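Following: one structure in structure tokens, then a few remarks.
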Amino acid sequence: MSMVPDAIGRLGELKWQTTAGGAMNLLAKYWHQGAAISRRDTYHAVSTSWKTDYAYDTYGRMSRIEHWVGAQAPFSTFDFEYDDASNLV
């Protein structure tokens with residue numbers, strides 16, 4: 001497992017090696033909004049064509065999950081909304 005920082009030292013990518021001496025494969029990629037993570041992509045198996053995107057609002061609450069295969073539109077999307085007390089509605 002390898003953690004790759006972004007330009008200012010925050011977690012930018014996670015990579016893993018499936019075989020000894022093999023190439024490092026992308027496992028997750030992170031985008032930040034200040035100190036908080038605003039989006040995280042998780043890649044499945046050893047291909048970046050299958051992935052799950054997690055989006056977060058400015059308060060760090062999960063706001064969307066999308067499942068992708070390839071570069072087309074996501075095949076499933078789940079949106080989350082919260083009330084003023086941060087309860088999921």
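As the structure is a prediction and not an experimental result, all values here were calculated from the model. The figures here come from the full heavy-atom set of this structure, side chains too, leaving out hydrogens, waters and symmetry mates.
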Q: Please tell me if the side chains of F78 and H67 come closer than 4.5 Å, counting only heavy atoms from C-beta onward.
A: yes
Q. Does R40 make a cation-pi contact with Y54 (under 6.0 Å, within 45 degrees of the axis)?
A. yes
Q. Going by heavy atoms in the side chains, are E13 and D6 under 4.5 Å from each other?
A. no
Q. If you round to the nearest 0.5 Å, how far is CG of N87 from CZ of R61?
A. 9.5 Å
Q) Would a hydrophobic clustering, with Ile, Leu, Val, Met, Phe, Trp and Tyr connected at side-chain separations under 4.5 Å, put L88 with Y59? A) no
(Q) For a 4.5 angstrom cut-off between non-hydrogen side-chain atoms, does F80 reach I65? (A) yes
Q.
For a 4.5 angstrom cut-off between non-hydrogen side-chain atoms, does L27 reach Y43?
A. no
Q | Heavy atoms of other groups near F75 CZ, more than 12 under 6.0 Å | A | yes
Q | Student check: side-chain heavy atoms of Q33 and T58 closer than 4.5 Å | A | yes
Q) In chain order, what residues pass the salt bridge (Lys or Arg N to Asp or Glu O under 4.0 Å) check against R39, with sequence neighbours excluded? A) D41, D53
Q: Mind listing the closest non-hydrogen atom pair of Y56 and I37 along with its distance?
A: CB-O, 3.4 Å
**Q.** Within one Ile-Leu-Val-Met-Phe-Trp-Tyr cluster: Y30 and W16, side-chain cutoff 4.5 Å
**A.** yes
Q. Side chains of S2 and M24: closer than 4.5 Å at any heavy-atom pair?
A. yes
(Q) Given 3.5 Å as the limit, does a donor-acceptor pair link the side chain of S38 with the main chain of W31, or not? (A) yes
**Q.** Verdict with reasoning, Y82 to M62, per side-chain contact (heavy atoms from CB on, under 4.5 Å)
**A.** CA-CA 10 Å; Y82 300 88; M62 188 173 294; 4.2 Å; yes
Q: Could I get the full list of salt bridge (Lys or Arg N to Asp or Glu O under 4.0 Å) partners for R64, not counting sequence neighbours?
A: E66, D79
**Q.** Sidechain-backbone polar pair: Q17 side chain, G22 backbone, donor-acceptor under 3.5 Å
**A.** yes
Q | Straight-line distance of K15 NZ to N25 CG, nearest 0.5 Å | A | 9.0 Å
